[in-house]
Protein chains: 2
Amino acid sequence: MQIAEVPAGISLGETVGPQVYRLLRRRIIQAELLPGERLSESEVAKSLSVSRQPVREAFIKLSEEGLVQVLPQRGTFVTKISVAAVMDARFVREAIEADVVREVAENRASSAIDELRRQIGEQKSVPHSDRAAFLRLDELFHRTLAAAAGKSYAWNVIEGVKAQMDRVRFLSVDDMHVTRLIDQHERIVEAIASGDQSSAEQAMRLHLREILNSLPAIASGRAELFDRD
Amino acid sequence: MQIAEVPAGISLGETVGPQVYRLLRRRIIQAELLPGERLSESEVAKSLSVSRQPVREAFIKLSEEGLVQVLPQRGTFVTKISVAAVMDARFVREAIEADVVREVAENRASSAIDELRRQIGEQKSVPHSDRAAFLRLDELFHRTLAAAAGKSYAWNVIEGVKAQMDRVRFLSVDDMHVTRLIDQHERIVEAIASGDQSSAEQAMRLHLREILNSLPAIASGRAELFDRD
DNA sequence: TCTACCCTACTACCATACCAGTTAAGCGCA
DNA sequence: TGCGCTTAACTGGTATGGTAGTAGGGTAGA
């Protein structure tokens, strides 16, 4: 009998804190835990059959990412999505990925370019209705770019920043959008393949500004999820 | 009688974990805690008259910044300075600050420019032998730039990244260097004042590459502090 | 002398207990 | 009925207990 699992998927063999963190992070980004909702150390602990301690560590990490707000002696709450926070995160991400893609365009490693093209093919083959699958592939694409630039660490930094953007993206990605995003991926890779650093940079900046097009509509259409700011 | 303080400076009124974190962070950056040195939850807790719990939280945060390495059931150790980690952090910082300074040069807010010039004056007036004072002013200068761009969040991200660089800077800043750095600050501000985004960006990139000049000498001269990589 | 094993001391991780502070509901009084 | 106080339940922060696992020193045997 297998007892290395408890209900919601906390496994032994890895420390508990990071597992709780990832679980809650995903649930917040996918809007299963709604903005404004109250989280309790003890309730989360009980529901996952772990103690409060690792849950607390997860809360701290989530609060550093701005996904929850911890009010001592009062409670912990899922933050509302803040347009300002999304814009701030986007700015940082654009700055980093602009330099990353310049680096890749300078190196022009053919193996990396092949891999990126292969991934674009995969992106096209995924049914556009499967949002989660596309978002995974999109994330992989960007991480692969960073790795190709020899800047995996830069991707780690982006991961700590992008959660705010991901919340919006989860709400906004639709069919038409996916086609457009894949097209932008292609332009980026072609600029890289031709060694044109400036074009690659501009293509990336344009790509990462795509969220700005959908943000206003989402923020007003789903106002209950957003902080008024 | 004042009892809001215990020996090394943990005060009530603020939660303990972050205080322990900042204390240890500073001591690692200033090489009071040496690379390779062993830290123990219980010993640190005892020496600060706090419990192990908040110390553990500090260790987790420090490990996320790469300042310590936590080996479960074995121990926690101050990381050696890694040239690769310094380069990675520098890359990310340059990318972010390049875009920040472009933004400032675009806005050209006169109040911000005045403040930056005032700070440069202050930097010149500090005795060059006082490394810590200059490093504080340097940090303030860069933080002010981010604020002037309306991107205070971007500075938060940089703070989480720059610890690795700060360890090297603490070892490398000397008199000649300080004059040079202040001169670079002036060039940045003048480019901003004239609204020349490209010049401002290039001046900033040059400024942030300064560490590359001192890094090789430090890494070989103080090899015992560095990871062999 | 060297090797293999055991045993002790120590580690971080997890769980639990206690605390001060906040909140809100309910009761008593006007 | 409506207001104000009391109080009990709950919060996160801190302290402490207990556990599995590691490392290193010392001892017994070859």
Evaluation steps, side-chain contact (heavy atoms from CB on, under 4.5 Å), between B:Lys162 and B:Arg169: CA-CA 10 Å; B:Lys162 69 195 278 288; B:Arg169 285 165 58 83; over 6 Å; no
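Distances shown here put a side-chain N or O of A:Ser51 below 4.0 Å from the OP1 or OP2 atom of C:dA15. Within the 4.0 Å cut-off from OP1 or OP2 of D:dG12, not a single side-chain nitrogen or oxygen of B:Thr15 is found. An OP1 or OP2 oxygen of C:dT11 is reached within less than 4.0 angstrom by a side-chain nitrogen or oxygen of B:Ser42. Phosphate contact (OP1/OP2 of C:dT23, side-chain N/O of A:Arg74, threshold under 4.0 Å): present.
Within 4.0 Å of B:Ile60, counting heavy atoms only, lies no atom of the nucleic acid at all.
To the nearest angstrom, P of D:dA15 lies 11 Å from CZ of B:Arg52. Following rounding to the nearest Å, B:Phe59 (CZ) and C:dC14 (C1') show an atom-to-atom distance of 17 Å. Between B:Glu43 atom CD and C:dA12 atom C1' there is a gap of 14 Å when expressed in whole angstrom units. Separating the CZ atom of A:Arg38 from the P atom of D:dC10 is a distance of 11 Å, rounded to the nearest angstrom. Atom pair A:Glu41:CD and D:dT14:C1' shows a separation of 11 Å (rounding to whole Å applied). Between B:Gln69 atom CD and C:dA12 atom C1' there is a gap of 14 Å when expressed in whole angstrom units. Rounded to whole Å, the distance from CG on A:Leu71 to P on D:dT11 is 13 Å. In this structure, B:Gln73 atom CD and C:dT11 atom P are separated by 12 Å, rounded to whole Å.
Using a 4.0 Å cut-off between a side-chain N of Lys or Arg and a carboxylate O of Asp or Glu, A:Lys61 and A:Glu57 do not qualify as a salt bridge. Between A:Glu94 and A:Arg90 there is a salt bridge, since a side-chain N of the basic residue sits under 4.0 Å from a carboxylate O of the acidic one. Salt-bridge check for A:Glu159 with A:Arg25: failed, with every basic side-chain N at 4.0 Å or more from each acidic carboxylate O. Using a cutoff of 4.0 Å between basic side-chain nitrogens and carboxylate oxygens, B:Lys46 and B:Glu43 are not scored as salt-bridged.
Distance from the side chain of A:Ser40 is smallest to D:dG12 among D:dG12, C:dT11, C:dC14.
Along DNA chain D, the nucleotide nearest to A:Gln53 and the one nearest to A:Thr76 differ in position, and the one closer to the 5' end is contacted by A:Thr76. Projected onto DNA chain C by closest heavy-atom contact, A:Pro72 and A:Glu14 fall at different nucleotides, the more 5' of which corresponds to A:Glu14.
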